[in-house]
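Bear in mind that the values here come from a model prediction, so they are computed numbers and not experimental data. Just so you know, ligand 1 is whichever comes first in the structure, and atom 1 is the first atom listed for that ligand.
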Amino acid sequence: MKFRRTLLGLAAAATALCMFSTCAMAQAAYKPEYKMSLVLGPPTPWGQAGKIWADLVKERTQGRINIKLYPGVSLIQGDQTREFSALRQGVIDMAVGSTINWSPQVKQLNLFSMPFLMPDYAAIDALTQGEVGKDMFKTLEKAGVVPLAWGENGYREITNSKKPIKSPEDMKGMKIRVVGSPIYSDMFTALGANPTQMSWADAQPALASGAVDGQENPLFLFTVLKMQTVGQKFVTTWGYVADPLVFVVNKEIWASWTPADQALVRQAAVDAGKQEIVIARKGLVEADKPVLKDIAAMGVTVTSLTPAEREVFVKATRLVYDKWKSTVGVELVANAEKAIAARKK
Ligand code: X2X
């Protein structure tokens, strides 16, 4: 009895110590392995972002923090629009996620999906690397995760199996797979297409079977998956939206690490993000755009819009832009527009 009381007393004292100082016992409770969620795995740039981050963390923490990659959002059975909730709940320890997939829970993230907001890469950088990016991180923190760095999925170009798209007229009635975020349904409806929301896991068989005519995603995904082999014979580069990626950690997991390890994980995310953005843009930022040549060489018709042709798409989606302004936040959109207008080209 006395022995038991002593033990209880010891436990209480340890708890009290933990509350007032850095707790050695809590620190010892590092998990043997942390689960990182990704939609796309290596060899895509997105997958590389996760791999580079995990490798840097392992090396710099001398193996104290071990991360396993779960591409295909497999921790939540491929349901990518649930990723943010799962992160908050601790089903997922950390992630490199797309602003699109988290926008159902964090409305402000729809900013990056507003049609034709970001005309070039300098515009993306003006947002993510500037005040808007800092603001967005505060929003994400309030929403319950710890944001650390930006990466990039990229400009989402439209592909289909039917014909070259040069105007909204060409998209009439086309069945296009869109991500599970309502602004995309609004945009494709405004363009006269027939959008169907589905996860990326469901999109691939839908493209292969011809259940849908087209899809929109960064071009590296087209080449990695050889989309021409599932009938995608037409690509139009219209640069209507680009989705940045965000490196985040679950709050409790973050709190369980020492400040020194937190700093290492944060810096590793920043370094991995920088490296990955270069990978994501490779072949698309050079004057002759080698990625487009590679795709054309696979027997695909690549259509690049003239400024006048592009303008028709801008006009056709303007009402969607205006409608979503209030959801995203009028002030946030105005700040983004200002930052883009002031960008260095
Ligand atoms: O589902 C998509 O299209 C993808 C892979 O780009 C995202 O996760 C946003």
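Closest protein heavy atom to atom 5 (C) of ligand 1: V39 CG1, 3.8 Å. When hydrogens are left out, the protein atom nearest atom 4 (C) of ligand 1 is N217 OD1, 3.7 Å; that is the closest non-hydrogen contact. Of the protein's heavy atoms, Q80 NE2, 2.7 Å lies nearest to atom 1 (O) of ligand 1.
Geometrically, ligand 1 and W200 share no nitrogen or oxygen pair separated by less than 3.5 Å. Ligand 1 has no nitrogen or oxygen under 3.5 angstrom from a nitrogen or oxygen of S98. The distance criterion of under 3.5 Å between nitrogen or oxygen atoms is not met by W46 with respect to ligand 1. When only interatomic distances are considered, the shortest N/O to N/O separation between E216 and ligand 1 does not fall below 3.5 Å.
Seen from the ring of Y321, R318 counts as a face-on cation partner, given the 6.0 Å and 45° thresholds.
One finds no salt bridge joining R343 and D125 here, because no Lys/Arg side-chain nitrogen approaches an Asp/Glu carboxylate oxygen to under 4.0 Å.
Here N153 has side-chain heavy atoms under 4.0 Å from ligand 1, and that is the only part of it that gets that close. Under 4.0 angstrom from ligand 1, the non-hydrogen atoms of R177 all belong to its side chain. Here Q215 has no heavy atoms under 4.0 Å from ligand 1, in either its backbone or its side chain.
Taking each of N101, L38, I100 in turn, the one with a heavy atom nearest to atom 8 (O) of ligand 1 proves to be N101.
The shell of residues lying under 4.0 angstrom from ligand 1, judged by heavy atoms, includes R156.
The hydrophobic cluster containing V145 does not contain V270, counting ILVMFWY residues as joined when their side-chain heavy atoms lie under 4.5 angstrom apart, directly or transitively.
Applying the side chain to side chain contact (heavy atoms under 4.5 Å, CB included) rule to V285 yields the partners Y121, R281; only residues at least two apart in sequence or on another chain are considered. Partners of K162 by side chain to side chain contact (heavy atoms under 4.5 Å, CB included), not counting sequence neighbours, listed by chain and number: N160, M174, D213.
Here the options are Q232, Q228, E216, the test is side-chain hydrogen bond (donor to acceptor under 3.5 Å, both in side chains), and the partner is T159; only Q232 passes.
Checked against the 6.0 Å centroid criterion, the rings of W46 and F220 do not qualify as a close aromatic pair.
Heavy-atom proximity to V179, at under 4.0 Å, picks out these atoms of ligand 1: 1 (O), 2 (C), 3 (O).
At a cut-off of 3.5 Å, with distance as the only test, no side-chain donor of E309 or S167 sits close to an acceptor on the other residue.
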Full working for ring pair (Phe, Tyr, Trp, His ring centres under 6.0 Å) between F112 and W102: CA-CA 12 Å; F112 300 101; W102 299 352; over 10 Å; no
